[in-house]
Amino acid sequence: MPELAIHTSLRPSPYYAATIAEGAVAMHPYNRMMIPLGYGDPEAEYRRLVEGVSMWDVGAERQVQLMGPDAARLAQVLCARDLSEIVVGQGKYVAVCDHAGTIINDPIVLKLADDCFWLSVADSDVGLWARCVAAERGMKVEVSEPDVSPLAVQGPSAEDVVASIFGDWVRELRYFWFGDAEVDGIPLKVARSGWSKQGGFELYLMDQSRGVDLWNLVKEAGRPWGIGPGAPNASERIENGLLSWAGDCDAATNPFEVRLGRFVNLDVADDVIGIQALRRIAATGPARHQPGIVLDGEEPRPGHEAWFDVTRDGVKVGSMTNGTWSYKLERNIGFGLISVECQIGDAVVINRGEEKVSGVLTDIPFRREDQ
Ligand code: THG
């Protein structure tokens with residue numbers, strides 16, 4: 001393997017020095033930044049997340065800021081979910097689609113003011129897309145990337161840790177809602193949010209020069225609860241059915257295929273990008289769906305996932321888009337992107353390079369008792 005070269009186009013996060021000091025062993029490029037993926041002990045990191053509390057550098061979850069008189073209109077035009085009722089201090093998970101109804105990002109939208117929104121984006125360039133749409137439609141709105149870098153605190157003890165820093169008001173925050181805060185002169189927003197199903201918060205740091213200070217402060221505050229470093233966790237997120245847009249979708253995936261139909265509102269205005277295509281797809285039904293797969297064979301190696309062909313009765317029916325060892329099921333699991341002709345309970349074969357292994361389609365989230 002050649003060395004992976006790092007140019008100045010791949011920016012470090014404000015927490016980079018802290019994560020190196022903690023012993024980060026793997027980094028992944030995301031939104032032209034580096035996101036740590038692990039600290040060398042996957043099982044300990046999983047247990048810390050599901051039993052205690054874990055802190056993650058997710059500074060690569062960049063914000064695309066829409067500001068100006070047409071900010072709300074632009075946000076709505078970009079998102080296939082009704083945003084007419086969103087209020088200041090609230091966030092919503094949305095699908096950003098192209099005109100064919102294909103998902104091109106799945107951000108969290110945060111409303112900061114009547115004329116200011118952030119899209120907290122997954123790994124694709126929504127900033128370019130938003131600038132183009134705003135200009136083509138003659139909107140009065142500025143699209144920019146503000147100095148904002150989230151730090152996630154996730155796990156059953158996350159609320160106690162975050163409340164010990166910011167006060168008990170954070171306990172009242174509803175899912176994806178947020179409020180302004182400051183600690184040691186560090187400006188940030190505290191949101192109940194994060195890419196796990198263990199509960200937790202994200203601290204949207206608003207001064208990148210204070211990243212290491214914030215990391216150390218959270219680490220110190222979390223000590224009584226045994227906090228430690230972690231990262232978006234493949235086992236936990238696959239067990240619980242969280243979508244990784246960049247990993248689990250191809251260039252033709254629509255929201256209905258990957259369980260995001262509940263976040264799509266077909267009755268938004270006709271000029272919302274993709275909505276006309278989504279109405280047509282909803283009327284006929286999608287061609288594929290996203291079941292879980294429980295499979296035999298070698299344990300997938302973290303960081304070496306690939307899409308593998310899935311066959312049923314010798315005929316290709318789709319792909320497996322990720323794979324991991326599940327500590328909960330003590331089995332290999334993954335997501336399929338599979339023809340709707342296949343159903344939960346169907347026996348399939350997964351073609352993992354030279355190795356063909358048998359598997360069965362299951363519901364998501366995965367349940368131990370299904371095995
Ligand atoms: N936090 C922040 N920004 C982000 C992510 C994040 N940007 C990139 C990526 N993650 C965006 N994708 C997701 C995907 C799923 C969820 C959040 C962000 C999520 N989904 C829950 C679910 O699907 O069950 C809850 C959705 C709901 O009920 O509204 O949490 O993590 N800042």
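Just follow the structure's listing: the first ligand is 1, and inside any ligand the first atom is 1. The first residue of the sequence shown is numbered 1, and numbering continues consecutively from there.
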message: Can you confirm whether the side chains of Gln208 and Ser149 place a donor and an acceptor under 3.5 Å from each other?
response: no
- prompt: Within the side chain of Arg368, is there an N or O that forms a donor-acceptor pair under 3.5 Å with the backbone of Lys328?
  reply: yes
query: Should the pair Arg237 and Phe335 be classed as cation-pi, given the thresholds of under 6.0 Å to the six-membered ring centre and 45° from the axis?
result: yes
query: Hey, is Arg223 close enough to Glu220 for a salt bridge, meaning N to O under 4.0 Å?
result: yes
field: Pairs flagged by ring-ring contact (aromatic ring centres under 6.0 Å, His included) wherever residues 2-25 is involved - sequence neighbours left out
entry: none
message: Does the plane of the ring in Tyr327 sit parallel, tilted or perpendicular to the ring in Trp325? Use 30° and 60° as the thresholds.
response: perpendicular
Distances under 3.5 Å, N/O of ligand 1 against N/O of the protein: list each pair and its distance.
residue: ligand 1; atom: 1 (N); partner: Glu61; partner atom: OE1; Å: 3.2
residue: ligand 1; atom: 1 (N); partner: Glu202; partner atom: OE1; Å: 3.0
residue: ligand 1; atom: 1 (N); partner: Glu202; partner atom: OE2; Å: 2.8
residue: ligand 1; atom: 3 (N); partner: Glu61; partner atom: OE1; Å: 3.4
residue: ligand 1; atom: 3 (N); partner: Ser120; partner atom: OG; Å: 2.6
residue: ligand 1; atom: 7 (N); partner: Ser120; partner atom: O; Å: 3.0
residue: ligand 1; atom: 7 (N); partner: Val121; partner atom: O; Å: 3.4
residue: ligand 1; atom: 12 (N); partner: Asp106; partner atom: O; Å: 3.2
residue: ligand 1; atom: 12 (N); partner: Asp106; partner atom: OD2; Å: 3.3
residue: ligand 1; atom: 24 (O); partner: Lys197; partner atom: NZ; Å: 2.7
residue: ligand 1; atom: 31 (O); partner: Trp195; partner atom: N; Å: 3.4
residue: ligand 1; atom: 32 (N); partner: Ser120; partner atom: OG; Å: 2.9
residue: ligand 1; atom: 32 (N); partner: Glu202; partner atom: OE1; Å: 2.8
residue: ligand 1; atom: 32 (N); partner: Tyr204; partner atom: OH; Å: 2.8

